[in-house]
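Here the structure comes first, spelled out in structure tokens, and everything after it is commentary.
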Amino acid sequence: MRSLRRIRRTALAALSAGVLLAVAGCAEGGDRTAKGTTGTAEAKDVLLQPLASPGPGPFTASTARAPASPAPSATPDSAPPSATRTVHRVSGAAPGLYSGSRSVAACDVERQTRLLADDKDKGRAFAEASDIEAVQIPGYLKSLTPVVLSVDTQVTNHGYGGGSATAFQAVLQAGTAVLVDGRGMPRVRCACGNPLKPAGTADGKAAHRGERWPGYDPARVAAVDPGPRAATSLIIADTDDNTWIQRTVGDSGGRDRTPDDPPPFEPDAELLFPSPGRPTESAPPEPTPSDPSAPREPTDPGPGEPSDDSGDPPPGDPWEFEEGVPDVAPEPTQVFPAEPDEPAAPDEEPMEAGLGDGFTG
């Protein structure tokens with residue numbers, strides 16, 4: 001009888017643990033941290049979360065005000081998704097990483113605050129997962145900025161279960177409403193009130209669970225890194241007219257304005273993949289140094305060309321360009337005024353002819 005009771009208790013304990021893990025949505029084998037949050041930063045399972053789905057273990061009801069029918073993410077349906085999983089690191093300060101409508105908040109921050117205040121247990125778990133105290137929740141939420149994800153983005157999400165927050169890796173669909181901090185980091189998912197942290201494992205093989213949405217491509221997923229410094233505003237794309245919006249950090253859109261110095265590319269430009277958040281600025285610098293060198297190339301073989309400057313040193317720009325190439329830079333044969341003077345004694349006639357041609361030209 002004792003053995004049967006022991007077996008029954010073991011089975012019930014295993015079943016209860018399995019239910020808790022399923023409700024929390026955490027990946028397999030997470031280690032419990034000091035705060036009771038199941039950490040799954042190295043998890044191999046990634047949950048796909050469409051923007052309208054609250055996902056497992058929501059903290060609150062939805063407070064999102066995002067458009068109901070967003071454009072398909074990433075690539076069109078006609079383009080087959082890549083079989084290789086690649087997560088691109090993107091700075092939270094990158095213009096166009098987030099979007100929204102002018103003077104319209106993507107989330108109802110006040111309602112989000114009330115919902116967490118009404119449930120003390122969830123509020124305490126939310127605060128622990130966000131590394132703040134429960135009494136700081138109202139001020140913390142007001143310091144965040146409501147925006148919309150422009151691209152599919154991987155994060156460490158947190159579901160609520162068993163009185164605590166459980167962490168799991170998730171990819172949020174483009175169009176998902178989130179609250180971000182001053183360094184551009186997603187901190188709250190408005191569809192469920194879940195606290196967010198930076199993505200764990202970015203690359204490598206992972207089992208993608210959940211419903212795939214049109215245009216989802218595992219090779220075109222972003223993971224946000226903190227911006228270089230805390231910003232006072234974010235440059236986001238206006239989804240209504242494809243222009244730029246400068247949104248003040250911690251503001252719900254009431255102070256939106258057109259940036260004084262907008263980015264030198266259109267909001268819908270494909271710049272986040274594969275070069276995160278950077279326009280292709282590497283191409284223009286290459287022609288600029290080559291332009292001053294172009295007139296020197298036909299004159300390099302002939303020693304008479306530098307004599308056009310009447311013995312003055314060559315122009316500064318070509319020399320600055322040559323300093324970047326050690327094999328070509330300051331060769332003695334290119335010091336044109338000094339070289340012809342030394343062999344003047346043995347052969348004066350050839351030297352005079354060469355100098356005469358150069359100076360008269």
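Side chains included, hydrogens not; waters and symmetry mates left out as well; all remaining heavy atoms used.
You'll find the side chain of Pro218 reaches within 4.5 Å of the side chain of Tyr216, heavy atoms only. Looking only at side-chain heavy atoms (C-beta outward), Lys197 and Asp131 come within less than 4.5 Å of each other. Side-chain contact between Gln173 and Leu149: absent, with no pair of heavy atoms (C-beta onward) separated by less than 4.5 Å. By the 4.5 Å heavy-atom criterion applied to side chains, Tyr140 and Asp181 are not counted as neighbours. Side-chain contact check for Glu110 versus Lys142: some heavy-atom pair is nearer than 4.5 Å. Put simply, the side chain of Leu144 does not reach to within 4.5 Å of the side chain of Val180, judged on heavy atoms. Residues Ser91 and Asp225 fail the side-chain proximity criterion, which asks for heavy atoms closer than 4.5 Å. Side-chain contact between Tyr98 and Val148: absent, with no pair of heavy atoms (C-beta onward) separated by less than 4.5 Å.
A donor-acceptor pair under 3.5 Å links the side-chain atoms of Thr166 to the main chain of Gly159, judged by distance alone. With hydrogens and angles ignored, the 3.5 Å screen pairs no side-chain donor or acceptor of Ser252 with any backbone N or O of Ala105. No side-chain donor-acceptor contact under 3.5 Å links Thr176 to the backbone of Leu172. Distance alone, capped at 3.5 Å, places no donor-acceptor pair between the Arg255 side chain and the Ser103 backbone. A donor-acceptor pair is defined here as one N or O able to donate and one able to accept, closer than 3.5 Å; such a pair exists between the side chain of Thr153 and the backbone of Val151.
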Quick one, Arg220 with His88, criterion side-chain hydrogen bond (donor to acceptor under 3.5 Å, both in side chains). Give me CA distance, side-chain angles, the key distance, then yes/no.
CA-CA 7 Å; Arg220 295 171 63 85; His88 303 268; over 6 Å; no
Between Val224 and Arg89, is the side chain to side chain contact (heavy atoms under 4.5 Å, CB included) condition met? List the steps.
CA-CA 6 Å; Val224 184; Arg89 311 302 303 192; over 6 Å; no
Under the side chain to side chain contact (heavy atoms under 4.5 Å, CB included) rule, what do His158 and Leu196 come out as? Steps first, then yes or no, please.
CA-CA 6 Å; His158 295 78; Leu196 305 176; 5.8 Å; no
Please lay out, stage by stage, how Leu47 and Gln169 fare under the test side chain to side chain contact (heavy atoms under 4.5 Å, CB included).
CA-CA 6 Å; Leu47 179 63; Gln169 294 302 301; over 6 Å; no
What's the verdict on side-chain hydrogen bond (donor to acceptor under 3.5 Å, both in side chains) for Gln49 and Asn157, showing C-alpha distance, side-chain angles and the deciding distance?
CA-CA 10 Å; Gln49 294 194 275; Asn157 203 342; 2.7 Å; yes
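For the atom pair CG (Asn194) and SG (Cys192), the distance works out to 3.0 Å, reported to the nearest 0.5 Å. Taken from CG in Leu116 to CD1 in Ile137, the straight-line distance is 5.5 Å, to the nearest 0.5 Å. Interatomic distance, OG1 of Thr145 versus CG of Leu179, reported as 8.0 Å (0.5 Å rounding). Put simply, OG1 on Thr248 and CD1 on Ile245 are 11.5 Å apart, with the number rounded to the nearest 0.5 Å. Rounded to the nearest 0.5 angstrom, Glu266 CD and Trp244 CH2 are separated by 8.5 Å. For the atom pair OG1 (Thr232) and CG (Asp251), the distance works out to 12.0 Å, reported to the nearest 0.5 Å.
Contact record, Ala129 with Pro195: CB-CG, 3.6 Å, taken as the closest heavy-atom pair. When all heavy atoms of Ala177 and Ala106 are compared, the closest pair comes out as CB-O, 3.6 Å. Taking both residues in full, the closest heavy atoms of Gln154 and Arg85 are given as OE1-NH2, 2.7 Å, listed atom of the first, atom of the second, then distance. Closest approach of Phe168 and Pro56 over heavy atoms only: CZ-CG, 4.0 Å. The shortest heavy-atom contact between Pro138 and Ala134 is CD-O, 4.3 Å. Nearest approach of Arg212 to His208, heavy atoms of both residues: NH2-CB, 4.3 Å.
Defined by atom type and a distance below 3.5 Å, a donor-acceptor pair is present between the side-chain atoms of Asp240 and Ser101. Gln246 and Asp256 form no side-chain donor-acceptor contact under 3.5 Å, judged by distance and modelled atom types alone. Ser164 and Glu128 are not linked by any side-chain donor-acceptor pair at a separation below 3.5 angstrom, with hydrogens and angles left out of the test.
When each of Arg189, Gln112, Arg114, Arg111 is checked for a side chain to side chain donor-acceptor pair (under 3.5 Å) with Thr63, only Gln112 meets the rule.
Connection of Leu97 to Val249 is established within a shared hydrophobic cluster, with ILVMFWY side chains joined at heavy-atom distances below 4.5 Å, either directly or through further cluster members. In the hydrophobic clustering of ILVMFWY residues, with side-chain heavy atoms under 4.5 Å counting as a link, Val178 and Leu272 come out together. Linking ILVMFWY residues whenever their side-chain heavy atoms come closer than 4.5 Å, directly or via other members, leaves Leu115 and Val109 in distinct clusters.
Residue pairs meeting the disulfide (SG to SG under 2.5 Å) criterion with at least one member in residues 110-161: none, sequence neighbours excluded.
By the 6.0 Å contact criterion, CG on Asp261 is open, its count of non-hydrogen atoms from other residues, nucleotides or ligands being 12 or less. Dense packing is recorded around CD of Gln136, with more than 12 heavy atoms of other residues, nucleotides or ligands lying under 6.0 Å away.
The aromatic rings of Phe59 and Tyr160 stand perpendicular to each other, their planes meeting at an angle above 60°, with 30° marking the opposite boundary.
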